Chemist: 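One structure is given below, represented as structure tokens, and several questions about it will come after.
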Amino acid sequence: MSFIITVYTNEGIVMASDSRTTYTTTRKLSDGTTEKQVGVQTTDTTYKTFQCNSRVGLSTCGTASINGSPIAGFIEEFISENVTEDDGVDKISNEVLNFFIKYSPVPAADFIVAGYDSTDNKQHINRVRLASQEIVPIV
């Protein structure tokens, strides 16, 4: 389970997350039965909140890896290759969706994209749901 928290007030936005990664593993035992281990802790140093540019941040929860590699590396790649200083919440949300749905299988991850657009001084917060390929405006 991940904690990703986004709080907004008139004065600003605060984004925070925990750093624990847990996995569910399934293995076949020698007697033919299947054993499922739920919530096995693997690390307490996972990044789940990232700064996209000076006005927008991104947090993730859900699937922690893509094809066996940590999702944090994919997020950092996404930011360095796709985000410019002028990009706002809506543009980054769309780009996140387009970037991550190209993987097979599509990771069961959600993102919170929060910040300010260059056109106004209002908070904008979107939830990007990869599984349903939708962007849900929160604010």
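All values reported here derive from a predicted model rather than from experimental measurement. Residue indices begin at 1 and follow the sequence shown.
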Chemist: Check whether Ile101 and Leu58 end up in the same hydrophobic cluster, where Ile, Leu, Val, Met, Phe, Trp and Tyr are linked by side-chain heavy atoms less than 4.5 Å apart.
Modeler: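 As far as the 4.5 Å side-chain criterion goes, Leu58 and Ile101 are connected within one cluster.
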Chemist: Please identify each residue that fulfils side-chain contact (heavy atoms from CB on, under 4.5 Å) with Asn82, with sequence neighbours left out.
Modeler: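 Partners of Asn82 under the side-chain contact (heavy atoms from CB on, under 4.5 Å) test: Phe78, Glu95, Phe99.
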Chemist: To the nearest 0.5 Å, what is the distance between CD1 (Ile92) and CG (Asp87)?
Modeler: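 Going from the CD1 atom of Ile92 to the CG atom of Asp87 covers 5.0 Å.
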Chemist: List the residues meeting side-chain hydrogen bond (donor to acceptor under 3.5 Å, both in side chains) with Ser59, not counting sequence neighbours, and say none if there are none.
Modeler: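 Expected list: Thr49.
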Chemist: Do you see a donor-acceptor pair shorter than 3.5 Å between the side chains of Asp90 and Ser93?
Modeler: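 Checked: Asp90/Ser93 side chains show no N/O donor-acceptor pair below 3.5 Å.
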Chemist: Show which residues join Met15 in its hydrophobic cluster (side-chain heavy-atom contacts under 4.5 Å, direct or indirect), or state none.
Modeler: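 Under the 4.5 Å side-chain rule, Met15 groups with Ile4, Tyr8, Ile13, Ile112, Tyr116, Ile125, Ile138, Val139.
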Chemist: With sequence neighbours excluded, give me every salt bridge (Lys or Arg N to Asp or Glu O under 4.0 Å) pair touching residues 54-83.
Modeler: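 Listed by first then second residue: Arg55-Glu85.
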Chemist: What distance do Glu134 atom CD and Arg129 atom CZ have between them, rounded to the nearest 0.5 Å?
Modeler: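 Rounded to the nearest 0.5 Å, the CD-CZ separation comes to 5.5 Å.
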Chemist: When rounded to the nearest 0.5 angstrom, what is the spacing between CZ in Phe50 and OG1 in Thr60?
Modeler: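 One finds 7.5 Å between CZ of Phe50 and OG1 of Thr60.
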Chemist: Tell me, which pairs form a side chain to side chain donor-acceptor pair (under 3.5 Å) where one or both residues lie in residues 101-112, sequence neighbours left out?
Modeler: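 Sorted result for residues 101-112: Asp110-Arg127.
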Chemist: Could you work out, with side-chain hydrogen bond (donor to acceptor under 3.5 Å, both in side chains) as the rule, every residue matching Ser69, not counting sequence neighbours?
Modeler: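 Partners of Ser69 under the side-chain hydrogen bond (donor to acceptor under 3.5 Å, both in side chains) test: none.
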Chemist: For Ser30, give me all partners under side-chain contact (heavy atoms from CB on, under 4.5 Å), at least two apart in sequence or on another chain.
Modeler: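 Once residues adjacent in sequence are excluded, Ser30 has no partner under the side-chain contact (heavy atoms from CB on, under 4.5 Å) criterion.
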Chemist: Residues two or more places apart in sequence or in another chain: which of them pass side-chain contact (heavy atoms from CB on, under 4.5 Å) with Asp31?
Modeler: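 With sequence neighbours excluded, Asp31 shows a side-chain contact (heavy atoms from CB on, under 4.5 Å) to Leu29, Thr33, given in chain and number order.
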Chemist: Give every residue pair that meets the salt bridge (Lys or Arg N to Asp or Glu O under 4.0 Å) criterion with at least one member in residues 5-16, sequence neighbours excluded.
Modeler: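 Checked against salt bridge (Lys or Arg N to Asp or Glu O under 4.0 Å) - neighbours excluded - no pair reaches residues 5-16.
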Chemist: I'd like to check Cys52 versus Val83 (side-chain heavy atoms, cut-off strictly below 4.5 Å). Are they in contact?
Modeler: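 Cys52 reaches Val83 side chain to side chain.
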Chemist: By side-chain hydrogen bond (donor to acceptor under 3.5 Å, both in side chains), which residues pair with Asn10, not counting sequence neighbours?
Modeler: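 Partners of Asn10 under the side-chain hydrogen bond (donor to acceptor under 3.5 Å, both in side chains) test: none.
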Chemist: Taking side-chain hydrogen bond (donor to acceptor under 3.5 Å, both in side chains) as the definition, give me every residue that meets it alongside Thr119, ordered by chain and number, with sequence neighbours left out.
Modeler: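 Partners of Thr119 by the side-chain hydrogen bond (donor to acceptor under 3.5 Å, both in side chains) criterion come out as none, since no residue qualifies.
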Chemist: Holding to side-chain contact (heavy atoms from CB on, under 4.5 Å), I want the full list of residues that pass it with Thr34, two or more places apart in sequence or in another chain.
Modeler: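 Listed in chain order: Thr26, Lys28.
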Chemist: Would a distance-only check, ignoring hydrogens and angles, find a side-chain to backbone donor-acceptor pair under 3.5 Å from Asn53 to Asp86?
Modeler: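 Side chain of Asn53 to backbone of Asp86, a donor-acceptor pair under 3.5 Å: no, none is there.
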